[in-house]
Number of protein chains: 2
Amino acid sequence: MDHMDWALLRELQADARLSFSELSRRVHLSPPAVAERVRRLEETGVIVGYHAHVDLTRAGRTVVALIRMSCYGARCILHDPEVAGWPEILEIHRITGDACSMLKVAAGSIDDFEGVIDRLAPYGQPSSTMVLSSPLHWQPIHPLPPADPAVPRR
Amino acid sequence: MDHMDWALLRELQADARLSFSELSRRVHLSPPAVAERVRRLEETGVIVGYHAHVDLTRAGRTVVALIRMSCYGARCILHDPEVAGWPEILEIHRITGDACSMLKVAAGSIDDFEGVIDRLAPYGQPSSTMVLSSPLHWQPIHPLPPADPAVPRR
DNA sequence: CTTGAAACCGGACATGC
DNA sequence: GCATGTCCGGTTTCAAG
């Protein structure tokens, strides 16, 4: 993960459809070198995929919510792989705290959302928070500046 | 947004780097028709971008958290565009409830994470929940089946 | 929207630095 | 490990139906 790898990640995060040739021009590297580096980033699991991002509202998902699930012991959604297949469930995160997971849900309507809640209820108590808007949908990953501790830690 | 548009979205969400020709084979449409449909999906804002997805851990972001921000009145992070530029802040969602926003944060270390909390504290009270793992990072958007109410609503 | 043709570009390989 | 150069295949973009 040197500076050149980060330059390639920066470009591919901004536009995943760039060709190797176009990439080579932007990062000032030869096309074969670019191809091999990108292949390595894919095979080592740094790049996990290339995805088109779809606007939820324009795709008919007008109701977005974050749901904290407090599951009933062993009957946890984390143990049921079926839940991850429901179309409204976009993300599942296992978290610390009194709840066991946080879900990001995008439903087509309030009725649809109510149906999701009904389907989740058997697993535990869902606590919903509606998403009004998302001022920052997504941010590319770039290298963090090295930490310089202003106050030395004891 | 007919069936063919959804087929194109399905393919481009699964692999954003597919060529128009390869797309045309997969959805059984001619290459010019594919090119025009994709261009329309981009210009109408259905497709908002094509992004390479990076594994947070392998990119050095070992500490992931969700932070609920309860801001001090007008001094809200939603009103300060600078916050969205901090590299550790991946998402900002305005939400309902007693908090004003939910942040997704990916820091390089606990020290770095503590630094983010310190920088957030002037805006309001941050309440952090650590993400232990993410069984479902991302799910493509596909058309929802039409609702058929098993129990008629009154 | 499809077909067909032509120009272009991008990817792969081999060679050499 | 990277740059250069060549070749081939694929892709894009027209035009016409």
Side-chain angles (χ1 to χ4, degrees), chain A residues 1-55 57-61 138 140-146, chain B residues 1-62 87 108 138 140-146:
Chain A
M1 289 292 293
D2 59 3
H3 183 272
M4 192 55 70
D5 284 329
W6 279 114
L8 292 170
L9 286 180
R10 168 170 48 84
E11 297 298 330
L12 284 173
Q13 286 181 97
D15 184 357
R17 288 177 66 76
L18 291 173
S19 67
F20 291 158
S21 308
E22 180 60 31
L23 275 174
S24 75
R25 272 171 238 131
R26 301 197 179 192
V27 305
H28 306 294
L29 204 70
S30 69
V34 167
E36 193 177 329
R37 277 177 178 266
V38 171
R39 190 190 56 79
R40 281 188 59 91
L41 288 171
E42 294 169 355
E43 296 206 342
T44 58
V46 178
I47 295 177
V48 295
Y50 305 93
H51 305 294
H53 278 211
V54 171
D55 183 281
T57 302
R58 285 184 219 266
R61 305 297 188 93
W138 184 80
I141 308 298
H142 40 104
L144 293 174
Chain B
M1 288 291 292
D2 58 2
H3 183 273
M4 191 56 70
D5 284 328
W6 279 114
L8 292 169
L9 286 180
R10 167 170 48 84
E11 297 298 329
L12 284 174
Q13 287 181 97
D15 184 358
R17 287 178 67 76
L18 291 172
S19 67
F20 292 158
S21 307
E22 179 59 31
L23 274 175
S24 75
R25 271 170 241 130
R26 301 197 179 191
V27 305
H28 306 294
L29 205 70
S30 69
V34 166
E36 194 177 328
R37 277 176 178 266
V38 172
R39 189 190 56 78
R40 281 188 60 91
L41 288 171
E42 293 168 354
E43 295 207 341
T44 58
V46 177
I47 295 177
V48 295
Y50 304 93
H51 305 295
H53 279 211
V54 171
D55 182 282
L56 290 176
T57 302
R58 286 184 220 267
R61 306 296 188 96
T62 53
W138 184 80
I141 308 298
H142 40 103
L144 294 174

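Naming: A, B, ... by sequence-line order, numbering from 1 per chain.
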* To do: Return no unless some side-chain N or O of A:S21 is found under 4.0 Å from OP1 or OP2 of C:dG11.
  => yes
* Rounded distance (Å) that lies between atom P of C:dC1 and atom CG of B:L8 -> 10 Å
* Scan A:R40 against the nucleic acid and name what it touches under 4.0 Å (heavy atoms): base, sugar-phosphate only, or nothing. => nothing
* Asked: In whole angstrom, what separates A:D5's CG from D:dG1's C1'?
  -> 13 Å
* Considering just the side-chain nitrogens and oxygens of A:R37, establish if one lies under 4.0 Å of OP1 or OP2 belonging to D:dC2. => yes
* **Parallel, tilted or perpendicular: rings of A:H53 and B:H51 (30°, 60°)** => perpendicular
* Asked: Among C:dT2, D:dT11, D:dG5, which is the nearest nucleotide to the side chain of B:P32?
  -> C:dT2
* Between D:dT11 (P) and A:F20 (CZ): distance, integer Å -> 14 Å
* Once you round it to whole Å, what is the distance between C1' of C:dT3 and CG of B:L29? -> 13 Å
* So which nucleotide from C:dC1, D:dT12, C:dG11 ends up closest to the side chain of B:A33? -> C:dC1
* To do: Just call it for A:P31: base, sugar-phosphate, or nothing, with non-hydrogen atoms closer than 4.0 Å on any strand.
  => nothing
* Asked: What is the distance from CG of A:D2 to C1' of D:dG1, rounded to the nearest Å?
  -> 11 Å
* **For A:V54, the option from B:L41, B:L9, B:V48 that meets side-chain contact (heavy atoms from CB on, under 4.5 Å)** => B:L9
* Given that A:R17 and A:S30 both sit by DNA chain D, which one's nearest nucleotide is further toward the 5' end? -> A:S30
* Asked: Would you say the side-chain atoms of B:R26 pair up with the backbone N or O of B:L8, donor to acceptor, closer than 3.5 Å?
  -> no
* A:E22 CD to C:dC9 P, straight-line distance once rounded to whole Å -> 12 Å
* Quick check: does any side chain N or O of A:D2 sit under 3.5 Å from a backbone N or O of A:D5, one acting as donor and the other as acceptor? -> yes
* Side-chain contact, heavy-atom cut-off 4.5 Å: B:E22 with B:D15? -> no
* **Gap between atoms CD and P, on B:E36 and D:dT11 respectively (whole Å)** => 20 Å
* Asked: Once you round it to whole Å, what is the distance between P of D:dG10 and CG of B:L23?
  -> 16 Å
